[in-house]
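What follows is one structure encoded as structure tokens, with my remarks underneath.
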Amino acid sequence: MATSSSLSFFSSTIFFSNSNTIHSSKQQQKHLIFKSKQQQFSIRSEAAVAAATIPILSFDGTEVGSTTLNLKSAPLDTARAVVHRGLTTDLRNQRRGTASTLTRAQVRGGGIKPYPQKKTGRARRGSNRTPLRPGGGVVFGPKPKDWSVKINKKEKRLAISTALSSATQNAIVVEEFDDKFEKPKTKEFIDLMRRWGLDPKEKSLFLMTEVSDNVILSSRNISTLKMLTPRTLNLFDILDSEKLVFTKSAVEFLNERYGNDDDDDDWEVVDEEEEDGGEVEESAESSE
């Protein structure tokens with residue numbers, strides 16, 4: 001049975017690893033936390049940097065070099081949860097929550113008893129607006145609701161960078177081609193995709209810092225293609241695509257935006273004895 005090559009956090013290799021590796025990492029983590037009772041460990045982040053070398057293709061489809069994509073990725077045992085939380089947050093925040101129905105107390109009419117209680121041979125009924133009748137109220141129907149949820153900025157950024165780093169094996173980098181299209185032509189854009197080894201029938205994502213009007217008009221009729229900019233980059237389209245295409249400027253943006261930040265990811269080790277000693281010295285100086 002053939003397997004699908006679609007990228008998702010269910011099938012990507014970054015979310016699955018040898019169970020022994022995960023088990024050993026958990027043991028090391030536990031050993032670090034409970035190593036000494038005199039030390040207090042504060043873990044701010046455990047993200048690691050995943051570097052990948054991606055070939056650079058020219059407009060003609062020939063390889064002219066390579067570039068490195070250094071992206072921060074979540075640990076193997078938490079990557080799946082981080083990406084799942086980022087994806088569900090995006091989907092929930094897209095819900096408008098405007099669905100609304102009327103209960104029998106809100107629907108119009110039904111103030112008078114439709115027919116006598118007895119001597120009709122019919123079931124007793126006190127209102128035409130009962131939920132059992134057409135035009136009546138709705139029982140437990142939807143009401144306007146706020147479905148939005150919050151997510152930390154660093155967690156959202158880590159989810160996107162983890163998804164991108166898991167898809168680097170199906171990614172290519174191309175030279176800037178904004179000025180190559182003198183006029184909108186979908187056929188020429190499809191020919192360009194084939195020169196780059198892309199199948200127009202497969203889902204592909206293009207990430208460009210700037211997109212010209214001719215490129216937009218040439219690619220908008222391709223239903224399997226997503227043309228994104230750094231402002232519209234989102235987690236769902238990354239996971240839903242089978243191929244990723246970056247321009248050189250897009251790679252520089254990704255390395256700068258989602259790359260390693262030495263100031264954010266540290267192990268903070270605080271010794272309680274030193275902390276207490278510092279407090280005593282400060283109190284002594286204040287008393288003098």
Side-chain angles (χ1 to χ4, degrees), residues 3-15 50 52 54 57 69 71-74 79-96 147-174 176-178 186 189-190 192-194 196-213 215-259:
T3 57
S4 175
S5 60
S6 177
L7 297 180
S8 68
F9 59 89
F10 294 106
S11 61
S12 180
T13 56
I14 196 170
F15 304 105
I54 306 176
L57 302 181
L69 193 62
L71 299 180
K72 188 186 303 181
S73 61
R80 184 176 180 134
V82 170
V83 175
H84 179 266
R85 175 169 165 77
L87 179 61
T88 54
T89 300
D90 287 346
L91 295 179
R92 283 178 63 100
N93 291 341
Q94 289 177 7
R95 299 188 65 171
R96 299 180 62 185
W147 291 93
S148 62
V149 292
K150 293 182 179 179
I151 185 173
N152 295 332
K153 290 182 179 179
K154 290 184 179 180
E155 187 178 4
K156 177 67 176 298
R157 190 178 301 176
L158 181 62
I160 294 178
S161 62
T162 302
L164 287 171
S165 62
S166 69
T168 52
Q169 58 183 353
N170 293 324
I172 60 173
V173 178
V174 298
E176 305 291 341
F177 58 94
D178 269 353
T186 304
F189 198 92
I190 293 177
L192 175 63
M193 294 178 62
R194 287 174 176 165
W196 287 339
L198 304 176
D199 187 359
K201 295 182 179 179
E202 294 182 352
K203 294 182 179 180
S204 57
L205 182 147
F206 280 67
L207 180 61
M208 306 173 61
T209 54
E210 295 181 0
V211 187
S212 63
D213 293 337
V215 173
I216 294 176
L217 296 176
S218 299
S219 62
R220 67 177 181 178
N221 284 338
I222 306 175
S223 59
T224 57
L225 186 143
K226 287 282 186 179
M227 187 71 65
L228 301 181
T229 60
R231 185 176 181 180
T232 58
L233 182 64
N234 63 89
L235 195 57
F236 181 85
D237 288 333
I238 295 173
L239 298 175
D240 192 47
S241 301
E242 300 178 18
K243 297 290 184 179
L244 301 182
V245 181
F246 307 128
T247 59
K248 288 184 177 180
S249 57
V251 172
E252 295 177 359
F253 164 78
L254 292 176
N255 287 331
E256 180 181 357
R257 177 73 172 176
Y258 301 103

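Just so it is clear, the values below take in all heavy atoms, side chains as well, and ignore hydrogens, waters and symmetry mates.
The nearest pair of heavy atoms linking I238 to A163 is CG2-CB, 4.0 Å. Here the shortest heavy-atom pairing between S241 and S204 reads OG-C, 4.1 Å. Here the closest non-hydrogen pair linking N93 and V149 is OD1-N, 2.9 Å. Contact between P200 and I190 at its shortest, heavy atoms only, is CG-CG2, 3.6 Å. Annotation for T224 and K201: closest pair CG2-O, 3.7 Å, computed over non-hydrogen atoms. Summarising the geometry of L254 relative to L71, their closest heavy-atom pair is O-CD2, 3.5 Å, with the distance given to 0.1 Å.
Formation of a donor-acceptor pair under 3.5 Å by the T232 side chain with backbone atoms of L228 is not found in this model. Side chain of S165 to backbone of S73: no donor-acceptor contact under 3.5 angstrom is found. In this structure, the side chain of T162 engages the main chain of A74 through a donor-acceptor pair within 3.5 Å.
When the salt bridge (Lys or Arg N to Asp or Glu O under 4.0 Å) test is applied to D237, no partner is found at least two apart in sequence or on another chain. Residues meeting the side chain to side chain contact (heavy atoms under 4.5 Å, CB included) test with D178, sequence neighbours left out: M208, E210, S212, V215. By the side chain to side chain contact (heavy atoms under 4.5 Å, CB included) test, L91 is found to be paired with L87, Q94, F236, residues two or more places apart in sequence or in another chain being considered.
If you take OG on S161 and CG on N255, they are separated by 11.5 Å, rounding to the nearest 0.5 Å. Note: E242 CD to D240 CG = 8.5 Å, rounded to the nearest 0.5 Å.
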As a quick check of understanding, evaluate side chain to side chain contact (heavy atoms under 4.5 Å, CB included) for T229 and V211, giving each step before the final call. CA-CA 8 Å; T229 60; V211 187; 3.9 Å; yes
Check the pair L233, I160 against side chain to side chain contact (heavy atoms under 4.5 Å, CB included), reporting the backbone distance first and the verdict last. CA-CA 9 Å; L233 182 64; I160 294 178; 4.2 Å; yes
R220 vs M227, test: side chain to side chain contact (heavy atoms under 4.5 Å, CB included). Steps then yes/no. CA-CA 8 Å; R220 67 177 181 178; M227 187 71 65; over 6 Å; no
So R85 and E155, salt bridge (charged side-chain N to carboxylate O under 4.0 Å, His left out) or not? Walk me through it. CA-CA 9 Å; R85 175 169 165 77; E155 187 178 4; 2.9 Å; yes
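No option in I172, V174, L164 other than L164 meets the side chain to side chain contact (heavy atoms under 4.5 Å, CB included) test with F246. A side chain to side chain contact (heavy atoms under 4.5 Å, CB included) with V245 is found for exactly one of L207, L198, L205, L225, namely L198.
Y258 and F253 have perpendicular rings, their planes meeting at more than 60° on a 0 to 90° scale where under 30° would count as parallel. Using bins of under 30°, 30° to 60° and over 60° for the plane-to-plane angle, the ring pair F206/W196 lands in the tilted bin.
The existence of a salt bridge linking K248 and E176 is excluded, since no basic side-chain nitrogen approaches an acidic carboxylate oxygen closer than 4.0 Å. Looking at K156 and D90, a side-chain N of the basic residue comes within less than 4.0 Å of a carboxylate O on the acidic one, giving a salt bridge.
Between K243 and K203, every side-chain heavy-atom pair lies at or beyond the 4.5 Å cut-off. The side-chain heavy atoms of V173 and L57, taken from C-beta on, include no pair separated by under 4.5 Å.
The neighbour count for R92 CZ, taken as heavy atoms of other residues, nucleotides or ligands under 6.0 Å away, is above 12.
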